[in-house]
Enquirer: 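My questions all concern the structure below.
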Protein chains: 2
Amino acid sequence: MAPRQKSERVTIRTVAEDAGVSVAAVSKVLRDAYGVSDAMRLKVRQSMDKLSYRPHSAARGMRGQTYTVGVLMADIKNPFFPDIIDGIDDGLAGTQYLPLFGIGRGSSSVERAIVHAMVDRQIDGLIMIGQRMATADLDAIASEVPIVVIGHHAPEAQSFDSANNDDVRGGAIVAEHMLAQGYRRPAMITLGRNDLMSADVSQKRERGFADALRGAGFAEHDIRIASADDGLDDVTATVRALLESPEPPDAIFGWADYYALEVLSAVRALGFRVPDDIGIIGYDNAAPCAFTQNNLTSVDQFGREIGRQATRLLIERIKGRTQAEHFVVTPRLVARGSSMAPRVKAGDTLPSPSAQPDVAHK
Amino acid sequence: MAPRQKSERVTIRTVAEDAGVSVAAVSKVLRDAYGVSDAMRLKVRQSMDKLSYRPHSAARGMRGQTYTVGVLMADIKNPFFPDIIDGIDDGLAGTQYLPLFGIGRGSSSVERAIVHAMVDRQIDGLIMIGQRMATADLDAIASEVPIVVIGHHAPEAQSFDSANNDDVRGGAIVAEHMLAQGYRRPAMITLGRNDLMSADVSQKRERGFADALRGAGFAEHDIRIASADDGLDDVTATVRALLESPEPPDAIFGWADYYALEVLSAVRALGFRVPDDIGIIGYDNAAPCAFTQNNLTSVDQFGREIGRQATRLLIERIKGRTQAEHFVVTPRLVARGSSMAPRVKAGDTLPSPSAQPDVAHK
DNA sequence: CGTTCTACGTATATCGTTCTACACAATCTA
DNA sequence: TAGATTGTGTAGAACGATATACGTAGAACG
């Protein structure tokens, strides 16, 4: 009937012709917009199925939404992030939105480039996981697109939402557990501050950890918090320095699991037994914690729930909410072997490497 | 001068007016297209900087390229994939292209949905890592967009490229190493076949492993290849069945590292020592292999190089190559503690749990 | 000096949607 | 019964780039 049939791509026009209605009508059906009768909706849907029509997202982006949400992951090696992503999938299930991911490499300039690229590609909203940008940067981005941040506390921020666990409390939980287990000289190893704005959750955990020790009567110089970049070599060097110092710690808190697993490796490589000589605790309760060879005590921050909430917040923002909302969940300690010293800590002897490094695991 | 200045968004038109040239000229500069003088290029570039202009990707996508390449990752928990991604970043550095990632969840229908979504968003090309679709599906996709697959062998495919290591050879390397270390009853645990088309690299590794054992004189019923879905529970159940069978293996090859680490956990949880009672070998040489607590012998397949090559192939395809190209690299064994039994395997006694499960790691 | 290149620019149709404005009929209200 | 309202549908202008087709000036050539 219609004279034109040069192109082979199925467009909204093809559907309209097939269904015998206008292009605008099809568009309305597509968007579940107001002003279509049930009869028309049905007719159009059938044509779309018959032609297996898929709307062209780039074209939609020119005027309206793309139904794409961007997710910026600060890095890809963190075994905790998959939990969050499961939560995001939960939150997106049943909606038209699809997540596309950008992967930062620990540098805020790379992150910025990715965010720009996503904005240029007309994403409808953005979830940022563990990003390293300052709140001011986030405000700027929020003026272009709705965002929700995970792993960055900004309770006063109005232009964007956030979803987090209570990291200060989490840090405190760790200190309390160490003392309850009989460890006497707890220490923490945390991320170095090379990038101007490093992950601020680590700082929150440090504060909680330190405050709890203070509360238990520790003097300022007995609160030891060392730092190292992630990566086995840096961590090992710092662990070595710590354990060879005059009053070495008998328990170490690694600021996050992926990092604590490197601490675990370093401690054992130096010939110490875990948890007998040194207790080790991580943060996130990521999947590898449960492996027998790690058996790592950790703080569960309910990543999946955080991901779900973040997604809910984002969709609300996209739909028009302008009031900020900041979700916070209370973390919980999951005790495993790495912090369960069997001994009664009577003689307060300094730990030293137990004979040989454990050959079975060498 | 120009009457219109209603909108605030900086478009190609804004730049053109500022630079005093036509819109078409600016577009040419943007695309490094033919027919612009150095003087004009400079002038336009300056205006773009001054206005901090960023081209609108959706609009570009309507007629030309989006300068976005999609990367489909079969899952996000595999610690090997980051290596590949590093390679992709290498390959993309210095180009205008930016990668956006889709994350499958082990199901080919989810993967298909992601691929469609990416195509609808006008990506210029697609790299698929460890995807589970059949070659026929890939042909269909390849007719819409250039693709390169990683972790799927299709040497005869003409419509798309691939980048892989030689998985058959890799499987053989493992068997040879086990025998050289004195292990006498090697076994392999590999992925279950629940999804119709599961990762075909695992099958290649199985073949290499089995062929090598045959070559060493093993009888067919002594070549044991068990299967389990990934996930600690399934793997543990299968490992238990294997180790409690009449002639239990004394060495186990896990088809990939993320999987072998679960095997390691299961074996130790059952009270066996590694490598004394049971040797364990993985595949990929992912970062966690080097941790002291894992100390996992593995096969290095040079993921970063694979990622680099895949990217090169993709860009060539985007630029117009139609002849298929299939890159294959030869893998290499990296021996670590998990496969280094110290004993001389003289008395061929069956392994049994050494006394108690190692309390220190429980 | 006319013709033919070559290099550089411009004008404008086009991509596939969404959105605004409006037409029309049926129903409600005063 | 006139006027307002509601429900349903259409036409056509955007959106911001790219690609095509073409114009112009200067150089090269015979």
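Naming convention: chains lettered A, B, ... in sequence-line order (proteins, then strands); numbering from 1 in each chain.
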Enquirer: If you compare every side-chain N and O of B/Y34 against the phosphate oxygens of D/dT18 (OP1, OP2), does one of them come in below 4.0 Å?
Expert: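 Negative; the distance criterion is not met.
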
Enquirer: Tell me: CG of B/D120 to P of C/dG16, nearest whole Å?
Expert: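 It works out to 13 Å between those atoms.
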
Enquirer: Given atom CG of B/L30 and atom P of D/dA19, what is their separation to the nearest angstrom?
Expert: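 So the CG-P distance, B/L30 to D/dA19, works out to 11 Å.
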
Enquirer: How close do B/Y53 and B/V10 get, counting heavy atoms only, and between which atoms?
Expert: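 Taking every non-hydrogen atom into account, CD1-O, 3.5 Å.
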
Enquirer: Using whole Å, what does the distance between atom C1' of nucleotide C/dC19 and atom CD of A/Q65 come to?
Expert: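 That distance rounds to 13 Å.
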
Enquirer: Looking at the side chain of B/R9, which of C/dT12, D/dT18, D/dG16 is the nearest nucleotide?
Expert: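 Nearest listed nucleotide: D/dG16.
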
Enquirer: List the steps, then state whether side chain to side chain donor-acceptor pair (under 3.5 Å) holds for B/E156 with B/H326.
Expert: CA-CA 9 Å; B/E156 73 297 344; B/H326 299 280; over 6 Å; no

Enquirer: Taking OP1 and OP2 of D/dA14, is either one under 4.0 Å from a side-chain nitrogen or oxygen of A/R63?
Expert: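 So the side-chain polar atoms of A/R63 never come under 4.0 Å of the phosphate oxygens OP1 or OP2 of D/dA14.
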
Enquirer: From CG of B/D124 over to P of D/dA17, roughly how many Å is that when rounded to an integer?
Expert: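 Going from CG in B/D124 over to P in D/dA17 covers 16 Å.
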
Enquirer: Tell me whether B/E305 is salt-bridged to B/R308, with the criterion being a basic N under 4.0 Å from an acidic carboxylate O.
Expert: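 Yes.
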
Enquirer: Examine C/dT17: is either OP1 or OP2 under 4.0 Å from a nitrogen or oxygen in the side chain of A/S27? Give yes or no.
Expert: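 No, A/S27 has no side-chain N/O under 4.0 Å of OP1/OP2 on C/dT17.
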
Enquirer: Tell me the interatomic distance from B/Q122, atom CD, to D/dA17, atom C1', rounded to whole angstroms.
Expert: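 Going from B/Q122 (CD) to D/dA17 (C1'), I get 13 Å.
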
Enquirer: Give the nucleotide from the list C/dT17, D/dA17, D/dT18 with an atom nearest to the side chain of B/R31.
Expert: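 So the nucleotide nearest the side chain must be D/dT18.
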
Enquirer: Could you check which of C/dT18, D/dT18, C/dG16 has an atom nearest any side-chain atom of A/T11?
Expert: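 Looking only at side-chain atoms, A/T11 lies closest to C/dG16.
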
Enquirer: Toward the 5' end of DNA chain D, which comes first, A/G20 or B/V26, by nearest nucleotide?
Expert: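 Taking each residue's closest nucleotide, the earlier one in sequence belongs to A/G20.
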
Enquirer: Closer than 4.0 angstrom, basic N to acidic O: yes or no for B/D86 and A/K77?
Expert: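 Here B/D86 pairs with A/K77 in a salt bridge, since their nearest N and O are under 4.0 Å apart.
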
Enquirer: Between B/E316 and B/R312, does at least one N-O distance fall below 4.0 Å, as a salt bridge requires?
Expert: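 Salt bridge present between B/E316 and B/R312.
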
Enquirer: Flag the pair A/E111 / A/L72 as yes when at least one side-chain heavy-atom distance between them is below 4.5 Å, and no otherwise.
Expert: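 Of all side-chain heavy-atom pairs linking A/L72 with A/E111, at least one is under 4.5 Å.
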
Enquirer: In whole Å, what is the span from the CZ atom of B/R121 to the C1' atom of C/dG16?
Expert: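 In whole Å, C/dG16 C1' lies 15 Å from B/R121 CZ.
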
Enquirer: Could you check which of C/dT17, C/dT10, C/dC19 has an atom nearest any side-chain atom of B/K28?
Expert: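 That would be C/dT10.
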
Enquirer: Heavy-atom distance under 4.5 Å between the side chains of B/I141 and B/E144, does that happen here?
Expert: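 No, every pair of side-chain atoms sits at 4.5 Å or beyond.
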
Enquirer: Measuring from the side chain of A/M40 (C-beta onward, heavy atoms only), which nucleotide among C/dG16, D/dT18, D/dT10 has the closest atom?
Expert: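 From the listed options, D/dT10 comes nearest.
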
Enquirer: What's the separation between atom OG in B/S143 and atom CG in B/L138, rounded to the nearest 0.5 Å?
Expert: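 Those atoms lie 11.0 Å apart.
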
Enquirer: Give the rounded distance in Å between these two atoms: CG of A/D32 and P of C/dT18.
Expert: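 It works out to 11 Å between those atoms.
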
Enquirer: Specify the separation, in whole Å, of atom NE2 of A/H56 and atom P of D/dA17.
Expert: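 It is 16 Å, rounded to the nearest whole Å.
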
Enquirer: With a 4.0 Å cut-off on heavy atoms, is B/V36 in touch with a base, just the backbone sugar-phosphate, or nothing at all?
Expert: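 Sugar-phosphate contact only.
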
Enquirer: For the side chain of A/S37, counting heavy atoms from C-beta on, which of D/dT8, C/dT18, D/dG16 is nearest?
Expert: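 In terms of side-chain proximity for A/S37, the closest of D/dT8, C/dT18, D/dG16 is D/dT8.
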
Enquirer: Any chance you could encode DNA chain D as dot-bracket? Rule is Watson-Crick or G-U wobble with both distances under 3.5 Å; [ ] for pairs crossing earlier ones, | for another strand.
Expert: ||||||||||||||||||||||||||||||

Enquirer: Check this one for me: any side-chain N or O of A/S22 less than 4.0 Å away from OP1 or OP2 of D/dG9?
Expert: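 For A/S22, the contact criterion (side-chain N or O under 4.0 Å from OP1 or OP2 of D/dG9) is not met.
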
Enquirer: If each of B/A39 and A/A24 is mapped to the nucleotide of DNA chain C with the nearest heavy atom, which maps nearer the 5' terminus, i.e. the 5' end?
Expert: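 Taking each residue's closest nucleotide, the earlier one in sequence belongs to B/A39.
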
